[in-house]
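See structure below.
In the text below, chain A, chain B and the rest are named by the order of the sequence lines, each starting its count at 1.
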Number of protein chains: 2
Amino acid sequence: MTVTLADVAARAQVSPATVSRVLNGNYPVAASTRERVLKAVDELDYVLNGPASALAAATSDLIGILVNDIADPFFGIMAGAIQSEIGGPGGRAGGERLAVVCNTGGSPERELTYLTLLQRQRAAAVVLTGGAVEEGPHAAAIAAKLRKLTDAGTQVVLCGRPPVADTDAVALAFDNRGGARQLTAHLIGLGHRRLGYIAGPKERTTTRHRLEGHRQALAAAGIEDDPALTVHGRYDRRSGYEATLELLRREPGLTAVVAANDSVALGACAALRESGLRIPQDVSVAGFDDLPFSVDAVPALTTVRLPLSEAGARAGRIATGREEPPPGGLATVRGELMVRGSTGVPRG
Amino acid sequence: MTVTLADVAARAQVSPATVSRVLNGNYPVAASTRERVLKAVDELDYVLNGPASALAAATSDLIGILVNDIADPFFGIMAGAIQSEIGGPGGRAGGERLAVVCNTGGSPERELTYLTLLQRQRAAAVVLTGGAVEEGPHAAAIAAKLRKLTDAGTQVVLCGRPPVADTDAVALAFDNRGGARQLTAHLIGLGHRRLGYIAGPKERTTTRHRLEGHRQALAAAGIEDDPALTVHGRYDRRSGYEATLELLRREPGLTAVVAANDSVALGACAALRESGLRIPQDVSVAGFDDLPFSVDAVPALTTVRLPLSEAGARAGRIATGREEPPPGGLATVRGELMVRGSTGVPRG
DNA sequence: CTGTTAGCGCTTTCAG
DNA sequence: CTGAAAGCGCTAACAG
């Protein structure tokens with residue numbers, strides 16, 4: 001029924017081994033023989049059996065990419081960049097690697113499940129994006145699983161996630177702390193003293209680091225960190241909307257809102273506008289990440305640009321062995337402050 | 001070195017066959033035996049070998065998803081929705097299906113390559129999203145490939161893409177024509193007569209259908225379709241920006257710009273603003289798709305909402321056999337006109 | 001440069 | 001309900 005390598009071999013009058021060698025191009029084969037084989041492949045419309053070759057060779061062409069939410073451009077951009085670098089020459093069977101994208105929804109349980117599934121597929125590499133949950137049994141379980149993966153020869157790359165101890169996983173960590181510090185310092189420099197902060201979910205590393213940066217900037221300027229001015233939420237627009245209303249309730253004298261990311265900032269803008277406040281004349285707003293839509297906000301959003309695309313591309317190259325991992329297996333990726341129209345000097 | 005099913009069998013004192021049956025849960029096994037096997041699996045920390053089982057069973061747990069660009073929320077939302085419905089119970093080995101996301105960049109060549117790669121992996125299903133290129137040898141080649149895939153038992157679902165003749169592929173097509181017609185009719189109803197249209201790349205079905213809907217509305221209102229008022233570009237912001245400048249150059253009397261999608265519309269807004277024109281007082285702007293950021297544009301974007309998430313979820317269920325395909329293998333998914341602040345009555 | 005020979009680890013009839 | 005046995009289709013030594 002289905003045509004196999006043996007059929008091709010028969011038709012080309014060579015041994016199955018030779019066909020395999022031609023197809024994988026990893027072994028010398030006479031040009032004339034190759035021609036013949038390729039011709040047979042074409043005539044029979046033969047397609048290699050991936051599972052069979054993965055079984056025999058004990059590796060696969062699959063690369064796992066774990067994201068919180070692929071519908072969020074933050075992850076979409078990284079996933080796209082990773083993908084763009086995993087194809088191309090260099091691997092088996094033409095070097096075409098396939099990306100298995102797994103939506104974890106930020107849940108450590110699902111993350112663990114997906115890692116096991118990728119382990120089952122004998123994935124050649126796994127890239128984990130976004131912040132991690134840092135406490136509880138899950139964090140330990142994930143660390144243990146990553147260790148098993150690396151032990152089994154799977155290259156593990158953390159893209160925008162802090163390193164995991166006792167692991168061979170390579171980490172490209174975002175400097176969330178530094179970026180947040182710069183951003184808040186910018187606001188303070190403009191004269192702001194009562195700044196609201198809309199943080200992400202509590203137990204995540206990204207949330208903690210950005211919040212720490214914010215507080216460092218406040219402390220450096222001798223501004224008291226009023227706990228009432230920090231509200232936690234999710235990393236989405238709606239959360240920003242609601243949190244801003246809450247902040248306004250708690251502190252009508254607010255002159256600036258710093259959001260956990262750009263989506264949250266957009267929600268904050270909507271809430272402010274609906275409350276009759278002008279941006280930035282009445283209240284300044286700042287985001288984080290610099291997603292594509294941020295420059296189109298009105299006024300354009302002041303934010304910290306994270307080189308998502310570059311980081312993803314680098315992660316993809318490291319995952320496929322086309323770039324040396326950074327020394328010590330850790331590189332810090334810095335953000336860049338983008339000052340735009342949504343921040344200005346406070347009123348009064 | 002690595003623990004196999006045989007190891008588990010030995011430890012549980014049963015045959016390999018029994019272990020396989022327990023793991024796949026598709027065959028009666030005594031409760032006590034199952035317990036013993038599961039215990040051994042746990043103790044040995046056994047992970048099934050995916051390629052091996054795929055080879056033996058001649059199917060895999062992989063589902064391919066083809067997108068133009070995963071960084072674009074239009075595709076990200078669909079991909080996320082598809083994913084959310086392909087997991088869960090119902091399949092082999094716990095029914096956990098993995099999504100292989102392939103970025104084609106809109107290129108038919110890459111689309112074809114990825115389809116072959118998915119065929120090689122013996123993917124259980126393939127979902128193709130977004131419009132198709134409709135002419136040339138590629139379209140035929142893709143149709144032929146889809147036929148081969150369905151013949152081989154792979155479920156093929158077209159999500160937001162018109163049906164392909166002589167194929168068992170199920171299509172969930174967006175009513176781009178109807179949506180575009182409604183949108184332009186809305187503008188005409190407001191009193192607009194000189195409407196610029198920024199279309200997508202020429203050879204794509206989505207582009208053609210949206211443009212046709214626009215022209216139908218013009219024709220219905222007895223408005224001449226001035227070719228100078230249609231500009232083709234890509235489906236991105238930059239394209240919208242440039243095309244708008246061009247339209248303004250060609251026709252300073254323009255009172256409305258209809259964009260191929262929301263990203264293009266955002267670019268159009270930026271160009272208009274920089275040209276000193278107010279939206280909608282001087283020029284109205286409309287988009288298509290209703291991506292999440294569109295409601296946050298200032299003014300909020302009038303657009304046609306496409307139920308991307310619902311369509312993706314349905315495609316995922318059909319792909320995994322959890323929902324009956326629509327009668328005739330084709331369903332049309334309609335959009336909904338969302339009238340917001342970016343459109344108004346024309347000046348003068 | 002090419003052929004021969006063993007498996008890779010699992011599923012699945014077919015018996016029992 | 002359980003076991004035995006026969007591959008699934010390919011790769012990778014090892015010879016030649």
Among D/dG9, D/dA4, C/dT11, which nucleotide sits nearest the side chain of B/L5? C/dT11
Would you check if the side chain of A/R204 reaches a backbone N or O of A/G106 as a donor-acceptor pair within less than 3.5 Å? yes
Under 4.0 Å between a side-chain N or O of B/T18 and OP1 or OP2 of D/dG3? yes
Nearest of D/dG9, C/dT4, D/dA12 to any side-chain atom of A/S15? C/dT4
Separation of C/dC1 P from A/Q13 CD (nearest whole Å): 21 Å
Near-strand residues of residues 28-37 of chain B, defined as heavy-atom separation under 4.0 angstrom from DNA chain D: B/P28, B/V29, B/A30, B/T33
For B/T116, run the side chain to side chain donor-acceptor pair (under 3.5 Å) check against B/E111, B/K145, B/K148 and tell me which one passes. B/K145
If you check every side-chain atom of A/A57, which of D/dT11, C/dG9, C/dT11 has the closest atom? D/dT11
Check whether A/S60 reaches the backbone of A/A54 with its side chain - one donor and one acceptor, N or O, closer than 3.5 Å. no
Name the nucleic acid region contacted by A/V19, choosing base, sugar-phosphate or nothing; use a 4.0 angstrom heavy-atom cut-off, strictly under. nothing
Here the distance between atom C1' of D/dG9 and atom CD of B/Q121, to the nearest Å, is 14 Å
Find the distance between OG1 (B/T18) and CZ (B/R34) and round it off to the nearest 0.5 Å. 11.0 Å
Can you tell me if A/N103 uses its side chain to pair, donor with acceptor, with the backbone of A/G105 under 3.5 Å? no
What is the distance, to the nearest angstrom, from the CG atom on B/N49 to the C1' atom on C/dC8? 8 Å
Value in whole Å for how far the P atom of C/dG9 lies from CG of B/L48: 12 Å
Nucleotide C/dG7, atom P - distance to CG of B/L55 in whole Å: 17 Å
Looking only at heavy atoms, what is the nearest atom pair of A/V3 and A/L44, with distance? CG1-O, 3.7 Å
Any side-chain N or O of B/S53 under 4.0 Å from OP1/OP2 of C/dG9? no
Do side-chain atoms of A/T129 reach the backbone of A/C159 as a donor and acceptor pair under 3.5 angstrom? no
In whole angstrom, what separates B/R122's CZ from D/dG9's P? 8 Å
Among C/dT4, C/dT11, C/dT2, which is the nearest nucleotide to the side chain of A/A17? C/dT4
What are the two closest heavy atoms between B/P16 and B/L5, and how far apart are they? O-CD2, 3.2 Å
From C/dT12, C/dG3, D/dG7, pick the nucleotide closest to the side chain of A/V14? C/dG3
Give the rounded distance in Å between these two atoms: CZ of A/R120 and P of C/dG9. 16 Å
For atom CG of A/N24 and atom P of D/dA13, their distance in whole Å: 13 Å
Nucleotides 14-16 of chain C: which of its N/O atoms have a protein N/O under 3.5 Å away?
none

If you take all heavy atoms of B/P108 and B/V133, which pair is closest and at what distance? CG-CG2, 3.7 Å
Please report the interatomic distance OG1(B/T2) to CG(A/D151), rounded to the nearest 0.5 Å. 12.0 Å
